[in-house]
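Chain identifiers are assigned alphabetically (A, B, ...) following the order of the sequence lines, protein sequences preceding nucleic acid strands; residue numbering begins at 1 within each chain.
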Amino acid sequence: MARAYDHRSIEEKWQARWRDEGTYEVDNDDPRAKFYALCMYPYPSGPAHQGHVRNYTFGDLVVRYQTMRGRAVLSPLGFDSFGLPAENAAIRTGTHPRIFTDARIAELKESLVRLGAVYDWRREVRSHDPSYIHWNQVIFLRLLKAGLAYRASAPVNWCPGCQTVLANEQVLADGTCERSGDVVVVRDLEQWFFRITAYADELLDSLGELDWPERVKVMQRNWIGRSEGAEINLSVVGRPDLTLTVFTTRPDTTFGMTYAVMAPEHPLVDEVTTEDCRAGVDELRARVTGASEIERTATAEAGPALDKRGAFTGSYVVNPMNEEQVPLYVADYVLMGYGTGAIMAVPAEDKRDWAFAQAYGLPIVRTVAPPEGWDEQGGGAYAGDGVKINSGFLDGLGVADAKRQAIEHLERMGHGRRTVNYRLRDWLVSRQRFWGCPIPIVYCPADGAVSVPEDQLPVLAPTDVEFLPTGQSPLAHHEGFLHTTCPRCGGPATRETDTMDTFVDSSWYFLRFCDPFDAAAPFDATAATHWMPVDQYIGGVEHAILHLMYARFFTRALIDVGIAPLDLGREPFRRLFTQGMIRMGGSKMSKSKGNLIAPARYYETVGADALRLFHLFVGPPTDDFDWTEQTDEVIEGCGRFLDRLWRLVESASAGEGRDGDLSAADLEVRRATHRTIAQVTSDIERWSYNTAVAHCMEQVNLLQRYAREGSHAEVLAEGCDALLLLLAPMAPHVTAELWERRHGDHLHARPWPEHDSSLVLEETVTMVVQVNGKVRERLEVAASIGEEEARAAALASPRIQEALSGGAPLRVVARPPRLVNVVTA
RNA sequence: GCGGACGUGGCGGAACCGGUAGACGCGCCGGGUUUAGGUCCCGGUCCCUUCGGGGGUGGAGGUUCGAGUCCUCUCGUCCGCACCA
């Protein structure tokens, strides 16, 4: 595409200027009001893709805009540089992950620089830097000391493909690994955990105060999954030594319990299973425990018939409300991982229990009267509110009251207690991988798991490792790394070979950015309290749950263990913006799908400014965008717009236009200029970048016409200057160049333009006159027109008189100066 | 199944408080410049029309002087969670 200017040399020139002059470097003692703008730091996978371009264009716009607004803007960037791809590449090619990763970082960084995105690169943080590893390990040990990290044997999600443990969050709904797609199986392993559940209530409650997208908050709320209810202890008939504890959110329905169910993995299953029932129970357990998540999940719909999904244990438990003995089953629809792994089954008020009861011919007793006509309309379990029945002392109450009284009764009788249950699990951080932050622990035959003393940190992975496709971390075979001495007794010991989940790294990097120069602490307390919280955080929705929840947890935990100062706010991200995805043919544009359209070619053809403008213009930033065959034409359209801007401003700079007094037409142009300033400013404030660009386009069209039809030099100059200032955060290179050619100074050091409010209001406006809601006339009237005048002007119009055809108006609604509606019927 | 978001021209989208529906751009049509193509410039572009108008924001109702916008129902698309007791 032929351009009106040489975008390549201009973009190169300004990128060098911003770098060499340190335009966007900011010191911790900067006296201006602070603004912390942060884009989620990227995993370095090579040159930027369109998703990065979109993300970092938004972020860069915020940085440049807030800078022009006079703020000291902290704009750091780093790299989430630990992770599987580098390790897989190492196995494939024999290259050390560090070499591979550093090369990818260099590529990504270069393509972000070419986009014109500006950062204080002095603050760059990379997860695999020894200093970052050091502080990561210090944090781990402090959490351990405070009891917020612990080691436990737990059933974990094991991915046979990745040969590693996955967090629940990394297992997809169909039971496959989110990374490799392999079917995940369950195994028991000794693992390290972070006690995020200790913060469940706080993480839930303080969601309310965040200026975040509602859907992200909803997702976090659901993920924490707080539910209030009771634990009830059921005695097992004939086994006074055993108690089966169940969790329920409906203690009011206990009278309706007609059986009980335990998960197949429940530890008491063997104890309660009688000899004649053992075969059936074992068969069920064999199917379930050997099964992968995918098979088990599949049973919900496509699996074995319902009557194959449970087995009678041969034992009975006692309903504490009415002393009745009810059968105890094992069934796969009860999960060991939630609540107590056992339930009291109330088929009348729970649809899963209802279906199971039907399949096994178990009795159903309603304890809430369903609404009129319930059974006629299909019946089944009724989980709604209503009057309690068949429930002894609860009869006649509503559900809420009955819950309260049922719990009180159970507590009084010693049969149970009020509890709160969460869906949220503790965070499993162990990974059987090389390319991650080593867990600083040593195992001693005498002393057990011992912390590596802080003065011996960081524990770094050795560099002389061989990467073999064994599926096991090279750390586990590296004799030099593995064997050490116990810090406590000095005897021979072995190192922990697991590394930390990379979500640990991303849980505090925003704090490190405040003061990455500090060699004595992860960050300086004063610097952190100065810059935090992040005023604007920008990233993809895919991090709505994991990263954002872990970071919120970490910020609190770091304060509570004394690493972060007490006066640091407990919420790290004040405002969150989540951008839409770029899709192609319905699926996400990604490397793995092979449908990437590299930004680099556009840097050559139309330039970074045009590409940025395209990403801003094409639709609301929150919306997904479909990349189609038409897209290149839209990008070229953005290039054409910049060409028109160039020609317009250059001709104005050449001194086009007359002197002397302003005509009415000149004044109109001034008004348009100030209206544009007001509109674009408010568009940017409310993240409506697509309309901000549109308003600038409109203004270019207007000034072009104005210049052609005879302009006043000062009015044209004012219009052009405003346009350059408004476009500066969006298309930073070309506007800076045009500005320099006009004024000789640096556009990005200028303050944001202010509109003159006396010029924003139009002098005359088009007033619409409706008859019965239909537009019948448009009149040019003074913007200051009053209600009576407007009414009179409307009724005086011949076209309105004609439309009324003599009929008298019943009512006239006047909303001056925009509209008058004459009502006749 | 539960929770959330959203349905507007050929396309991406605009309409912020209930007040001119379709800004801006892409595409398309016509004209000018040009030997021609491209670029650039000008004009047109929701549908129907007997040129008076009439219809129109997924569909059906409702509130209102007035509804893309608010309410009820309904259909469809997308996203998240999903045997959570």
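Between the side chains of A/Thr367 and A/Glu349, at least one donor N or O lies within less than 3.5 Å of an accepting N or O. Side chains of A/Glu698 and A/Thr676: no donor on one and acceptor on the other come within 3.5 Å. For A/Glu777 and A/Ser797, the side-chain atoms include at least one donor-acceptor pair closer than 3.5 Å. Looking at A/Asn233 and A/Thr243, their side chains never bring a donor and an acceptor atom within 3.5 Å of each other. A donor-acceptor contact closer than 3.5 angstrom links the side chains of A/Ser227 and A/Tyr338. Counted by atom type alone, A/His7 and A/Asp609 present zero donor-acceptor pairs between their side chains at under 3.5 Å. Using modelled atom types and a 3.5 Å distance limit, the side chains of A/Thr254 and A/Asn319 yield no donor-acceptor pair. There is a side-chain donor-acceptor pair under 3.5 Å between A/Arg552 and A/Gln220.
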What nitrogen or oxygen pairs link the protein and nucleotides 43-51 of chain B at under 3.5 Å?
none

Return the polar atom pairs (N/O with N/O) between nucleotides 26-30 of chain B and the protein under 3.5 Å, or none.
unit_1, atom_1, unit_2, atom_2, d
B/C26, OP1, A/Arg640, NE, 3.4
B/C26, OP1, A/Arg640, NH2, 2.8

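Following rounding to the nearest Å, A/Ile582 (CD1) and B/G12 (C1') show an atom-to-atom distance of 13 Å. Atom CG in A/Leu548 sits about 14 Å away from atom C1' in B/G80, given to the nearest Å. Atom-to-atom, CD of A/Gln699 to C1' of B/A23 comes out at 14 Å; the value is rounded to the nearest Å. Here the P atom of nucleotide B/A5 and the NZ atom of A/Lys217 are 13 Å apart, to the nearest Å. As rounded to whole Å, 17 Å separates atom P of B/U77 from atom CG of A/Asp624. Across the protein-nucleic acid pair, A/Trp223 atom CH2 and B/G3 atom P stand 19 Å apart, rounded to whole Å. Remark: C1' of B/C83 and CE of A/Met336 are 16 Å apart, rounded to the nearest angstrom. Distance CG (A/Leu723) to C1' (B/C24): 14 Å, rounded to an integer number of Å.
Using C1' as the reference atom, B/C26 and B/A14 are 15 Å apart when rounded to the nearest Å. Between the C1' atoms of B/G10 and B/C81, the separation comes to 38 Å (whole Å). Comparing the C1' positions of B/G56 and B/U20 gives an interatomic distance of 15 Å, to the nearest angstrom. Between B/U49 and B/G1, the two P atoms lie 45 Å apart (nearest whole Å).
Taking the syn range as angles within 90° of 0, the glycosidic angle of B/G68 is outside it, so the base is anti. In B/G59 the O4'-C1'-N dihedral to the base is more than 90° from 0, which defines an anti nucleotide. Glycosidic conformation at B/C40 (O4'-C1'-N9-C4 for purines, O4'-C1'-N1-C2 for pyrimidines): anti, more than 90° from 0.
Residues A/Thr578 and A/His543 are not in side-chain contact: their nearest non-hydrogen atoms beyond the backbone lie 4.5 Å or more apart. Residues A/Ile582 and A/His615 are in side-chain contact: their nearest non-hydrogen atoms beyond the backbone lie under 4.5 Å apart. Between A/Glu650 and A/Leu645 there is no side-chain heavy-atom pair separated by less than 4.5 Å. Side-chain contact check for A/Phe577 versus A/Pro621: some heavy-atom pair is nearer than 4.5 Å.
With a 3.5 Å limit on both pairing distances and Watson-Crick or G-U wobble geometry required, the stems of 3 or more pairs in RNA chain B span B:1-7 with B:75-81, B:10-12 with B:24-26, B:27-32 with B:40-45, B:46-48 with B:53-55, B:58-62 with B:70-74.
Heavy-atom distances to RNA chain B give each of A/Gln770 and A/Val693 a nearest nucleotide, and the one nearer the 5′ end belongs to A/Gln770. Positionally, the nearest nucleotide of RNA chain B for A/Thr628 lies more toward the 5' end than for the other of A/Thr628 and A/Asp353.
If you take CZ on A/Arg226 and OH on A/Tyr422, they are separated by 4.5 Å, rounding to the nearest 0.5 Å. Atoms OG1 and CG, from A/Thr258 and A/Leu362 in turn, are 6.0 Å apart once rounded to the nearest 0.5 Å.
Contact annotation: A/Arg776 side-chain N/O to B/G54 OP1/OP2 distance is under 4.0 Å. OP1 and OP2 of B/G53 both lie 4.0 Å or more from every side-chain N or O belonging to A/Lys774. At the phosphate of B/G25, OP1 or OP2 sits under 4.0 Å from a side-chain N or O atom of A/Asn701. Within the structure, a side-chain polar atom (N or O) of A/Asn690 is placed less than 4.0 Å from OP1 or OP2 of B/A14. Regarding contacts with the backbone of B/G80, every side-chain N or O of A/Arg215 stays at 4.0 angstrom or more from both OP1 and OP2. Residue A/Arg423 has a polar side-chain atom (N or O) positioned under 4.0 Å from OP1 or OP2 of B/A82.
Within 4.0 Å (heavy atoms only), A/Arg226 reaches no atom of the nucleic acid at all. Heavy atoms of A/Arg686 sit under 4.0 angstrom from at least one base atom. A/Gln704 comes within 4.0 angstrom of the backbone, heavy atoms only, and of no base. Residue A/Asn821 is in base contact, counting any heavy-atom pair closer than 4.0 Å across all strands shown. A/Val218 comes within 4.0 angstrom of the backbone, heavy atoms only, and of no base.
Candidate nucleotides B/A85, B/C78, B/C83 were compared by shortest atom distance to the side chain of A/Ser227, and B/A85 ranks first. Nearest to the side-chain atoms of A/Phe617 among the listed nucleotides B/G12, B/A85, B/A23 stands B/G12. Side-chain proximity of A/Val334 to B/G12, B/C24, B/A85: nearest is B/A85. Comparing B/A14, B/C83, B/A23 by their closest approach to the side chain of A/Pro620 singles out B/A14. Each of B/C40, B/A23, B/C83 was ranked by its minimum atom distance to the side chain of A/Arg647; first place goes to B/C40.
Annotation: cation-pi geometry satisfied between A/Arg423 and A/Trp223 (NZ/CZ under 6.0 angstrom from ring centroid, within 45° of ring axis).
In the interface, the side chain of A/Arg818 is not paired with the base of B/G19 through any donor and acceptor atom under 3.5 Å apart.
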